[in-house]
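First up is the structure itself, then whatever we jot down about it.
Below, chains carry the letters A, B, ... as their sequence lines are ordered, and counting in each starts from 1.
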Amino acid sequence: MTFKSILDEIENNLNKILSDLSISDVKFSVEPAKPGFGDVSSNVSYLLAKQLKKSPKEIAEMISDKYSDCTSTLVLKSEAHTSGYLNFYANWDNLSQLILSESYLDTCGDVDIGNDSTIVVEHTSVNPNKALHIGHIRNIIIGDTISRILHKAKYKVNVLNYIDDSGLQVADIIVGFKHFGYDQESPSGKKFDHYCGDDVYVKTTEKYEADPNLEEIRKNVLKELEDGDSETAKFADKITRRVLAGQLETCWNLDVTYDCLNFESQIVRSGLWDKIFEKLKEMKLVEFENEGKNGGCWVIRGEGKEDDKVIVRSNGTATYIAKDIPYAAWKLGLLEDPFNYEKYASEQPNSRVLWQTTLNQTNPISKNFTGDKVVTVIDSRQARLQKIITTLMGKFKSVPDAYNHLGYESVTLSSETAKTLGLDTDGKQAQMSGRKGLYVNADSVYEILKKKTKDETKKRHPEMTDSEIDSIAHYISVGTLRYEMIKQDLDKIITFDLTKSLSLEGDTAPYIQYTHARASRILEKSGRIPTIDVDFSLLKEQSELDLIKNIGLFNLQVRDATNNLSPKVIARYCHDLAVSFNSFYEKSKVLALGDIDLENSRLCLVNSFKIVLEKALDLLGIKAPDRM
RNA sequence: GGGCCCAUAGCUCAGCAUGGAUAGAGUGCCGGACUUCUAAUCCGAUGGUCAAGGGAUCGAAGCCCUUUGGGCCCGCCA
């Protein structure tokens, strides 16, 4: 157990006191205290003020008085603050031992919320016609971080990447290759995904604007794509898989991996749509429109004043959202699985096996990548469509929160950065656009960071080999990028600026990683293996206790992050942990104290910090080097 | 016309779910700390009508309503 132990102890005792007073059903808080107000605080006296017709202060004094009769192993004393708050002071000898011992266990930070049920997390899902840009990276990092957190909260997580390989965007580059004569090989040194996005896609779409007649070619290509046996479809399959390979390389470099790739073209050809369409008709969730503007279409009725949504056109073809419905149902395991599975050709950098769907019937392997619950990470511009899907899934599954749309605001470019791309926005931030070529590639952001961190590391450690420097620079670059994408709340727009967003100081990953390097260095220099068999009562400086308290809050933070699907909670926790370590580092020396017992106690604390920080950073997909 | 989101220090953001103490960080500006376990650090100073107005409450940055400013979405496109 951790800091939660003392919270539980206090809550239990308070409940006993209340029940002796014949009071029940009061939902008081018991929380870690703000600095300067002891270790734990409760607002219980405020909530009783009306009922007992006394001031919060009087009640706090009364409860504090009774509290001294309670059995407590972790609380030293309680105190009524003049404000009315009830504050508690911990018995740190006991609590430190509890928290630091726990931190050495593999299970440290675990919370059991998922109870081993399965949950699907779908993220990335970028059209395979271009390289990933910084906006996609927000999606990917949110999805990957949430997956890691849910895993820590005892969910069995299936991570999916949906490959929309049959849409208009793919058709566009195919038009470029087949009709505008773009070479099928990228110019030397350029990744194929970059080539397709920067050159083929952007320039092909430019041509449509110049000559509207070209739209006809585009429509034909799109049509041919839907027929899996067509020459065009086979060609497109080859191209999109090469683009996908480039995209995955970017993801893997950022330590993002998946369990399964789902191809839209296969969903389209699997016949899942027909099945779900029948079901929708049976359940009367879709209606046929005989007249009006949607005459001849099947529609889903809008709620309230919202417009109806067409899902089958009057020509009988399904719309975009219609393709999402069978996929959503499939993810929840509501449909018989039409797919077989095969391993993806390349291996992921960690040991995780990557599967992909196939309709190929030879050597059929069946797998199950569905979940009791689903989290779909898509930016909030799609909130409306996702709400329709959520409502439908709620009716299918009869569990209201089975399907979750995890929305987030988009990444825009600062006016300065937009200007470097040739767009004058008059001081305003700019929306990125793949079609217009207005974006910052993820790979190039990584390269800029890598160069910067390499130079910086080299300056600090002239003695290091190139490969050591390279490895450190890699971890810092990935950390910086990931942290930047996750530290703000999901509903805040991130304005990306090529200069300002790549800082290595202040509230950044390197700040946190640096504390890890400091801790590692102390342990290394001590020449000792830290143990938990130390005298915890020697740790009594405020900076030591603050650090211990923060270490003990890990599982509470994981719980919070899980319940709110909020990755930034863990980012903030890592930062808080680092701040408290830096404060400890400044105030309490560890080595050469001439007091071996105190040294050992502090070494134990340093080691405990290092272990927990590594675990917390791991939830963010960030590794911390031992030296930097 | 309808819907979603945002507004807190010069700038970027926490805090809001679950109301309660003195509204916190980073950054910027100014001033300090490297002979020390790594200065990608630390300490200090500066900086706030919590967009505005109203309501319910003993108590509001937080809850309710209205208004203003900004962003996004609303196709038989994907």
Side-chain angles (χ1 to χ4, degrees), chain A residues 27 29 31 33-37 41 43 45-47 49-50 55-56 81-85 87 127 164 166-171 222 289 293-299 302-307 309-321 323 379-385 387 407 409-410 412 428-429 431 453 456-457 460-461 476 487-495 497 500-501 503-515 517-526 560 563-564 566 568 572 575-576 578-579 582-583 585-592 602 606 627-628:
Chain A
K27 283 191 180 160
S29 69
E31 297 167 326
K34 291 210 277 188
F37 296 99
S41 299
N43 67 349
S45 0
Y46 291 103
L47 306 181
K50 200 170 224 174
S55 75
H81 189 266
T82 51
S83 64
Y85 258 104
N87 297 328
N127 287 299
D164 179 0
S166 61
L168 203 57
Q169 296 203 20
V170 167
L222 187 59
E289 202 77 293
K293 65 169 182 171
N294 294 331
C297 300
W298 287 89
V299 302
E303 284 178 32
K305 289 175 180 172
E306 287 178 6
D307 280 344
K309 186 76 205 164
V310 172
I311 64 165
V312 176
R313 305 182 184 100
S314 52
N315 68 5
T317 57
T319 59
Y320 166 73
I321 184 177
K323 291 184 193 170
D379 78 75
S380 29
R381 285 175 293 200
Q382 299 220 36
R384 207 187 180 96
L385 292 180
K387 197 179 152 210
E409 278 294 342
S410 49
T412 63
K428 283 187 190 165
Q429 49 184 254
Q431 291 283 331
T453 49
E456 194 65 35
T457 311
R460 287 153 197 268
H461 300 283
I476 298 175
K487 73 173 176 185
Q488 300 192 12
D489 218 336
L490 302 177
D491 56 19
K492 288 286 195 305
I493 294 169
I494 294 181
T495 306
D497 184 278
K500 289 181 196 154
S501 302
S503 166
L504 306 175
E505 287 165 16
D507 185 10
T508 64
Y511 173 90
I512 299 166
Q513 289 169 313
Y514 188 68
T515 61
R518 280 179 150 182
S520 297
R521 194 70 171 145
I522 292 173
L523 294 168
E524 186 194 321
K525 282 216 165 177
S526 77
D560 190 13
N563 287 336
N564 295 303
S566 179
K568 69 128 199 281
R572 299 196 68 77
H575 181 255
D576 290 349
V579 168
N582 272 332
S583 167
Y585 186 92
E586 203 67 21
K587 288 172 189 143
S588 309
K589 297 289 174 254
V590 179
L591 301 178
R602 286 185 177 166
V606 170
R627 303 181 67 179
M628 62 185 275

Q. How far, in whole Å, is B:A17 from B:C65 if one measures between their P atoms?
A. 15 Å
Q: Find the distance A:I493:CD1 to B:G69:P and express it as a whole number of Å.
A: 18 Å
Q | Atom-pair distance (CG on A:D507; P on B:G28), nearest Å | A | 13 Å
Q | C1'-based separation of B:U8 from B:G69 [nearest Å] | A | 16 Å
Q: Between B:A14 and B:G32, how far apart are the C1' atoms? Round to whole Å, please.
A: 28 Å
Q: Answer yes or no: does a side-chain N or O of A:Q488 lie under 4.0 Å from OP1 or OP2 of B:C13?
A: yes
Q) If you check every side-chain atom of A:R384, which of B:C73, B:C42, B:C13 has the closest atom? A) B:C73
Q. Within the structure, does a side-chain N or O atom of A:Y585 lie under 4.0 Å from either OP1 or OP2 of B:A39?
A. yes
Q: Could you measure between the two C1' atoms, the one in B:U49 and the one in B:G53, and give it in whole Å?
A: 13 Å
Q: For B:G28 versus B:A9, give the span between their C1' atoms, rounded off to a whole number of Å.
A: 11 Å
Q: Round to the nearest Å and state the distance from A:K309 atom NZ to B:G2 atom P.
A: 20 Å
Q) Where the side chain of A:K492 is concerned, which of B:U41, B:C76, B:A7 is the nearest nucleotide? A) B:A7
Q) Any Lys/Arg nitrogen of A:K387 or A:E306 sitting under 4.0 Å from an Asp/Glu carboxylate oxygen of the other? A) yes
Q.
Taking any heavy-atom pair under 4.0 Å as a contact, classify A:I476: base, sugar-phosphate, or nothing.
A. base
Q. Nearest to the side chain of A:V590 - B:A25, B:A7, B:C37?
A. B:C37
Q. Which of the following nucleotides, B:C13, B:A21, B:A78, is nearest to the side chain of A:D164?
A. B:A78
**Q.** Residue met sooner reading RNA chain B from 5', once A:N563 and A:E409 are mapped to nucleotides
**A.** A:E409
Q) What is the nucleic acid contact for A:S314, judged by heavy atoms within less than 4.0 Å: base, sugar-phosphate only, or nothing? A) base
Q.
Regarding B:A14, can its base be found pairing with the side chain of A:D489 as donor and acceptor, where the two atoms are less than 3.5 Å apart?
A. no
Q. A:E306 has a side chain; which of B:C42, B:A40, B:G3 sits nearest to it?
A. B:G3
Q: Taking atom P in both B:G75 and B:G59, compute the distance separating them and give it to the nearest angstrom.
A: 47 Å
(Q) Categorize A:S588 for me: base, sugar-phosphate, or nothing, with a 4.0 angstrom heavy-atom threshold over every strand shown. (A) base
**Q.** A:L504, nearest nucleotide to its side chain (from B:A21, B:G15, B:A40)
**A.** B:A40
(Q) Looking only at the side chain of A:K50 (C-beta and beyond, no hydrogens), which of the listed nucleotides B:A14, B:U57, B:C42 gets closest? (A) B:U57
Q) Under 4.0 Å between a side-chain N/O of A:R518 and OP1 or OP2 of B:A39, yes or no? A) yes
Q. Touch check for A:N315, heavy atoms < 4.0 angstrom, all strands: base, sugar-phosphate only, or nothing?
A. nothing
Q: Please state whether the base of B:A78 and the side chain of A:T319 form at least one donor-acceptor pair under 3.5 Å?
A: no
Q) Hey, does A:G316 reach any base, or is it just sugar-phosphate, or nothing, if we go heavy atoms under 4.0 Å? A) nothing
Q.
Rounding to an integer number of angstrom, what distance separates B:U67 and B:C73 when you compare their C1' atoms?
A. 23 Å
Q) How would you label the glycosidic angle of B:C34: syn (within 90° of 0) or anti? A) syn
Q) Of the nucleotides B:A21, B:C73, B:C77, which one has an atom closest to the side chain of A:R381? A) B:C73
Q. Now, which nucleotide makes the Watson-Crick or G-U wobble pair with B:C72, with each of the two distances under 3.5 Å?
A. B:G3
(Q) Any base atoms under 4.0 Å from A:D497, or only sugar-phosphate, or nothing? Heavy atoms, all strands. (A) nothing
(Q) From the set B:C5, B:C76, B:U41, return the single nucleotide nearest to any side-chain atom of A:N582. (A) B:U41
Q) For A:Y85, which contact category applies under a 4.0 Å heavy-atom criterion: base, sugar-phosphate, or nothing? A) base
Q: Anything under 30° is parallel, anything over 60° is perpendicular, the rest tilted; go ahead and classify A:Y511 against A:H575.
A: tilted
Q: Please state the C1' separation for the pair B:A61 and B:U18 - nearest whole angstrom.
A: 16 Å
Q) Is A:R313 near enough to B:A78 that one of its side-chain N or O atoms lies under 4.0 angstrom from OP1 or OP2? A) yes
Q: When you get a sec, tell me which of B:C76, B:A40, B:A25 is the closest nucleotide to the side chain of A:M628?
A: B:A40
Q: For A:A383, report the nucleic acid contact type (base, sugar-phosphate, nothing); a contact means any heavy atom under 4.0 Å.
A: nothing
Q.
Reading RNA chain B from 5' onward, which residue's closest nucleotide shows up sooner: A:K568 or A:T453?
A. A:K568
Q) What is the distance, rounded to the nearest whole Å, between atom OH of A:Y511 and atom P of B:G26? A) 8 Å
Q: Kindly say whether, by distance alone, the side chain of A:R460 makes a donor-acceptor pair under 3.5 Å with the base of B:A40?
A: yes
